Amino acid sequence: MKIYDLGKVTVGLVIFFLVFTFPLYYNMGKATPPPEPNIQTEAIAAMSEPVCVENTEYMRANHMKLLNEWRTSVVRNSNRAYPAFTGVRYEMSLSNTCMECHSNKEKFCDSCHNYAGVSPYCWECHLQPKEMK
Amino acid sequence: MNFLTSVIVSLIAVGAVLVVGTIGGAVPALHPLFGVVIPLLALAVFILGFIWKVLSWAKSPVPFSIATTCGQQKSLPWIKPDKLENPSSKWHVVGRMALEILTFRSLFRNTKMQLDSQGPRIAYGWELWLWVAALAFHYAFLTVVIRHLRFFLEPIPAPIQLLDALDGFLQIGLPGIIISGFVLFGAAGYLLFRRLAVSNVRYISLPADYFPLFLILSIAGTGLIMRYVVHVDIVAIRELTLGLASLHPSVPEGIGIFFFIHLFLVSVLLAYFPFSKLMHLGGIFMSPTRNLRGNSREFHHVNPWNPEVHLHTYEEYEDEFRDRMIEAGLPVDKMPADAADSAEKE
């Protein structure tokens, strides 16, 4: 059967195809390895058993939620003590606690965040660790 | 179909999709199937189905200008034409199409009929909410889709990061609230509410209307849950999605179950798309009432496949029977002498 306006229809369909397959040729089939957050820091090396404030799996998906809880707790309830799952009590602080252990921000936090395309705006106010820079 | 049946049928259908997705997420052995095979197949069905559908539309001939307009068509020089409502040139058609696609002008003109408050008189009111909700819905959907490209592109292009930042400019909570997701869910919810609450819209609604709405609400819902309630491992998910987009499939462990439900819902949406009313994505470009010039006063459109009709005009009839008509005393247009004259001239 005849297809009317085949020229215009083809142009439209080619555009459609190129738009919806964009990621395929943008990535050009090259695989990108996922980030490997580096935990080689002095503070962590000094620990007998290197663990975070919660278990790693939880931290990986929920650290922003935890930071939010810390912030609310400190700013609204002025409660700065956080009992970690290991029983150790930590001070709830982004710069003084998280970044004490994870002082290699670029190789740790940023490696994931660059991969996931997020750029937390916390550092507009909070101090970043300087040692590893 | 009765409206309750339509709603229940659609709910059952979406419920089945949710159950299947949950099974796919709960059984690790099924992860390659639900994480890689089904999404890629769904994408193939979407693309091929879309092309097939558009080609099938292109097989319908549209010989006349059948533009539906609400503006003055170009005719005599002293009558002012409405160039966008009733475009007579190609570029004005492009303008009308662009405005239709980008701003939904046809919906903007939506009216509702009701009885006048002054008495039993019919009155037509301007009904803006459908247009508002439709715009919100479509632009939120577009924003969400573009934002999701960060999962499929490496490196992530700067415009996408910019859009992310704009979308999250409220900076409320962590992870920060992104506006488009809520707008999408809310607008789709309103469109569903309208379908159920307005009796004449409810009357013409079918499972084909409810099913896509429930499906999109579930997609948006699972997305919101993953972002704000049950957090998932974004890094692992990006490893999977980037694997899909670079055709190096990999299925890392530790991806939450909600992701697989979400992904399966999206796969169903993609595969269902070409066979549903959602094809208005392609259809809008193919609408003869929008994409044709309103030039039926400028040009005589002749149906190209009209059969040839053998005419026997009165003139020819008189030529044939003139003598006998005169004999019978019937009036004729031309007397025999004139007729011979004009035949000579020709």
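Because the structure is a prediction, the values reported are computed rather than measured. Only heavy atoms go into these numbers, but all of them, side chains included; no hydrogens, no water, no symmetry mates.
- With a 4.5 angstrom heavy-atom cutoff, Phe16(A) touches chain B only via side-chain atoms.
- For Tyr115(A), the parts lying under 4.5 angstrom from a heavy atom of chain B are both the backbone and the side chain.
- More than 12 non-hydrogen atoms from other residues, nucleotides or ligands lie less than 6.0 angstrom from OH of Tyr58(A).
- In terms of heavy-atom pairs under 4.5 angstrom with chain A, the leader among Tyr228(B), Phe46(B), Trp57(B) is Phe46(B).
- Among Gln171(B), Glu239(B), Met286(B), the residue with the largest count of heavy-atom pairs under 4.5 Å with chain A is Gln171(B).
- Neither the backbone nor the side chain of Ile160(B) has a heavy atom closer than 4.5 Å to any heavy atom of chain A.
- Heavy atoms closer than 4.5 Å to chain A are found in both the backbone and the side chain of His231(B).
- In this structure, the portion of Arg150(B) lying under 4.5 Å from any heavy atom of chain A is its side chain and not its backbone.
- At a 4.5 Å heavy-atom cutoff, the contact between Ser60(B) and chain A is made by backbone atoms alone.
- The shortest heavy-atom contact between Tyr26(A) and Pro155(B) is OH-O, 2.8 Å.
- By the 6.0 Å contact criterion, CD on Glu42(A) is open, its count of non-hydrogen atoms from other residues, nucleotides or ligands being 12 or less.
- Nearest heavy-atom pair across Ile3(A) and Ala58(B) is CG2-CB, 3.6 Å.
- No other option in Ser119(A), Pro34(A), Pro33(A) has as many heavy-atom pairs under 4.5 Å with chain B as Pro34(A).
- Residue Tyr121(A) touches chain B through its side chain alone, counting heavy-atom pairs closer than 4.5 Å.
- Remark: Lys8(A) NZ is loosely packed, at most 12 non-hydrogen atoms of other residues, nucleotides or ligands lying under 6.0 Å away.
- Side chain of Asn27(A) to backbone of Glu154(B): a donor-acceptor contact under 3.5 angstrom is found.
- Comparing Thr32(A), Asn114(A), Val9(A) by heavy-atom pairs within less than 4.5 Å of chain B, the highest count is held by Thr32(A).
- Both the backbone and the side chain of Phe152(B) have a heavy atom closer than 4.5 Å to some heavy atom of chain A.
- For Lys2(A), the part sitting under 4.5 Å from any heavy atom of chain B is the backbone (N, CA, C, O) and nothing else.
- Within a 6.0 Å radius of CZ in Phe169(B), other residues, nucleotides and ligands contribute 12 heavy atoms or fewer.
- Within the model, atoms CZ of Phe50(B) and CZ of Phe17(A) stand 13.0 Å from one another, a figure rounded to the nearest 0.5 Å.
- Taking each heavy atom of Ala245(B) and Leu24(A) in turn, the nearest pair found is O-CD2, 3.1 Å.
- For Arg71(A), the CZ atom counts as densely surrounded, since its 6.0 Å shell holds more than 12 non-hydrogen atoms of other residues, nucleotides or ligands.
- Contacts of Val145(B) with chain A are absent, with no heavy-atom separation under 4.5 Å from either backbone or side chain.
- Summarising the geometry of Asp233(B) relative to Ala61(A), their closest heavy-atom pair is N-CB, 3.9 Å, with the distance given to 0.1 Å.
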- prompt: Taking it one step at a time, do Leu13(A) and Leu55(B) satisfy side-chain contact (heavy atoms from CB on, under 4.5 Å)?
  reply: CA-CA 9 Å; Leu13(A) 286 177; Leu55(B) 288 180; 3.9 Å; yes
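- Counting heavy-atom pairs closer than 4.5 Å to chain A, the top residue among Leu43(B), Leu242(B), Ile234(B) is Leu242(B).
- Ranked by heavy-atom pairs under 4.5 Å with chain A, the first of Ile156(B), Val235(B), Leu244(B), Leu247(B) is Val235(B).
- In terms of heavy atoms, Met64(A) sits closest to Leu174(B) at O-CB, 3.3 Å.
- Atom CH2 of Trp91(B) has 12 or fewer heavy atoms from other residues, nucleotides or ligands within 6.0 Å.
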